[in-house]
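Following: one structure in structure tokens, then a few remarks.
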2 protein chains.
Amino acid sequence: MNAENPVRKSLQLLWYGLPDPKKGPKPTLTLEQIVRTAIGLADSEGLDALSMRKLAQRLDVGTMSLYRYVPSKTELLNLMLDAVSGPTHLRRTTFDAGWRVGLEGVGHGGRQQYLAHPWLLQVNWTRPVLGPNSVADMELIMTGLKDLPLSDREKMHVVVALDSYVTGAVRQEILSQRAAAESGMTDEEFWEAQAPFLYEIFDTGRYPTMASLSEDTFAGTWEESFDFGLRLLLDGIEQQLARRAESPDTADTPF
Amino acid sequence: MNAENPVRKSLQLLWYGLPDPKKGPKPTLTLEQIVRTAIGLADSEGLDALSMRKLAQRLDVGTMSLYRYVPSKTELLNLMLDAVSGPTHLRRTTFDAGWRVGLEGVGHGGRQQYLAHPWLLQVNWTRPVLGPNSVADMELIMTGLKDLPLSDREKMHVVVALDSYVTGAVRQEILSQRAAAESGMTDEEFWEAQAPFLYEIFDTGRYPTMASLSEDTFAGTWEESFDFGLRLLLDGIEQQLARRAESPDTADTPF
DNA sequence: CAAATGTAGCGTACGCCGTGCGCAGTCATC
DNA sequence: GATGACTGCGCACGGCGTACGCTACATTTG
């Protein structure tokens, strides 16, 4: 709760940045510059390639100089995360056309965001705190849901559910991308490399349903699959709302 | 496509294990033993603590001995993944009571699985191939959906959507657990450490909707939140099925 | 103007990691 | 008993995050 609380320190850095010093030599770098460069590095070469040494090299400073700005690599990742989490990807998304179109936009925007910065899904793993951009994002969405006949808690659940779906779906997509990339094959080549083996397995008769699936079961784009699931979820929300419209007196009951 | 194909080699190891040698000294270990110990280590101390050195130490062998059994750490992770991905967690789940109860069970089973082995969500990141257990899992589910008025492709989309949701939801849950654990606080302490800071932010008036949310918006258990989203998704599926029942002629149209 | 003081930059070093290489010991086969 | 494939594994290399403490410098203070 006091200043020496590590959580509080993290938040301080996220929301207010470094306190600028009054004495001593001028800093060569800025926090923002470091974060931006780190994001660029992670975008182009992957999170594994983002090391403090490489980052320092790209910024033309000594490795340990970075630690004047950032207390640890973990904290740097938190800063990167929030820097990229803002509502920028929602700019074109509004709730003017209703909650459904709005949430659909949020879903698609989120997907694009994750596809642009695949490392997001790895970094999040140790994310401890909320930054200004994440909060702004939430603000925008919750405002869009303001007039729905749901309790605040339910609205939050809806947002969490949507985010869960988006995150999980994109994760699978990136996973398959990465698997293909790592083996130096395209998605199709990779599949073709697996296929004969799997057919061999299916021929054992131990997996009759799998063996009987139609040829095009695994065809189709990731986007198609994403949209299918998103529609299911939105349909579910719509039904929940319809139920509320019928018996509005239960609007305050959890569910 | 031939034997020197690395994908094929991975699959070979997954499905058939090591070829047992005819000459030379008996191996001290088995593949299964290594995988099981590795899973135990990852379960109890986290994936970061799973190093080849530590694993070897726990198995009472030299570090490099492990490489007689497993070509690389990545391959070991693949083996761990499939070992744990089987339908074991579905044993109590059947589709006898209908698709909805079945899928609900799959969802809850998946959640339990991920909570028991939190490292699953980190490992998956480089997963390139399908193992026997994963396939058996899919077989079980697809068999349960056999009679639904959906195309195979749509059924697969349903399964993928469900898995996406489960994965994403559990990821958030584990994320928060881990954040709390790393700072050495309970979930509540962690929240309380953040709270005063956030209230400070809200008081600036820049986030009116967030500031106006009711006190209990963020209360509630993770399970409650999980169930809420799962229900939305299943409702969505149900509606899709209802539509098909009305106009069964469209059953083969993608959607 | 000069001294004191806090800060920036960063070289060195430590203890981790995955794993390529090649040697020594073991044992089924001929 | 000789052969040769196979097991176990020590050593070493090149990476990683980062603690420590030195030097250089800009500002404040006297």
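Each chain gets a letter, A, B and so on, in the order its sequence line appears, and its residues count up from 1.
Of the side-chain N and O atoms in B/R53, none sit less than 4.0 angstrom from OP1 or OP2 of C/dC16.
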For nucleotides 8-11 of chain D, which of its nitrogen or oxygen atoms have a protein nitrogen or oxygen under 3.5 Å away, and what is each distance?
{"residue": "D/dG8", "atom": "OP1", "partner": "B/T28", "partner atom": "N", "Å": "2.5"}
{"residue": "D/dG8", "atom": "OP1", "partner": "B/T28", "partner atom": "OG1", "Å": "2.0"}
{"residue": "D/dG8", "atom": "OP1", "partner": "B/Y69", "partner atom": "OH", "Å": "3.3"}
{"residue": "D/dG8", "atom": "OP2", "partner": "B/Y69", "partner atom": "OH", "Å": "2.9"}
{"residue": "D/dG8", "atom": "N7", "partner": "B/R68", "partner atom": "NE", "Å": "2.9"}
{"residue": "D/dG8", "atom": "N7", "partner": "B/R68", "partner atom": "NH2", "Å": "3.2"}
{"residue": "D/dG8", "atom": "O6", "partner": "B/R68", "partner atom": "NH2", "Å": "2.4"}
{"residue": "D/dC9", "atom": "OP2", "partner": "B/G62", "partner atom": "N", "Å": "2.8"}
{"residue": "D/dC9", "atom": "OP2", "partner": "B/S65", "partner atom": "OG", "Å": "2.9"}

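The stretch residues 161-185 of chain A participates, sequence neighbours left out, in these ring pair (Phe, Tyr, Trp, His ring centres under 6.0 Å) pairs: A/Y165-A/F226.
Remark: P of C/dC17 and OH of B/Y67 are 11 Å apart, rounded to the nearest angstrom. Rounded to an integer number of Å, the gap from CD of A/Q57 to C1' of C/dC10 is 14 Å.
Looking at residues two or more places apart in sequence or on another chain, you find a salt bridge (charged side-chain N to carboxylate O under 4.0 Å, His left out) between B/E173 and B/R111. Applying the side chain to side chain contact (heavy atoms under 4.5 Å, CB included) rule to B/M64 yields the partners B/Y67; only residues at least two apart in sequence or on another chain are considered. Among residues two or more places apart in sequence or in another chain, the side chain to side chain contact (heavy atoms under 4.5 Å, CB included) test is passed with B/Y16 by A/F197, A/E200, A/I201, B/Q12. Residues satisfying the side chain to side chain contact (heavy atoms under 4.5 Å, CB included) test with B/P208, not counting sequence neighbours, are A/E139. For the salt bridge (charged side-chain N to carboxylate O under 4.0 Å, His left out) test, no residue two or more places apart in sequence or in another chain qualifies with A/R206.
Distance check: A/I39 CD1 to A/S44 OG gives 12.0 Å after rounding to the nearest 0.5 Å.
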Return a table of donor-acceptor pairs under 3.5 angstrom between the side chains of residues 49-60 of chain A and protein atoms on other chains or two or more places apart.
{"residue": "A/S51", "atom": "OG", "partner": "A/K54", "partner atom": "N", "Å": "3.2"}
{"residue": "A/R58", "atom": "NH2", "partner": "A/E45", "partner atom": "OE2", "Å": "3.1"}

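Of all the residues in residues 43-52 of chain B, B/L50, B/S51, B/M52 reach under 4.0 Å from DNA chain C with at least one non-hydrogen atom.
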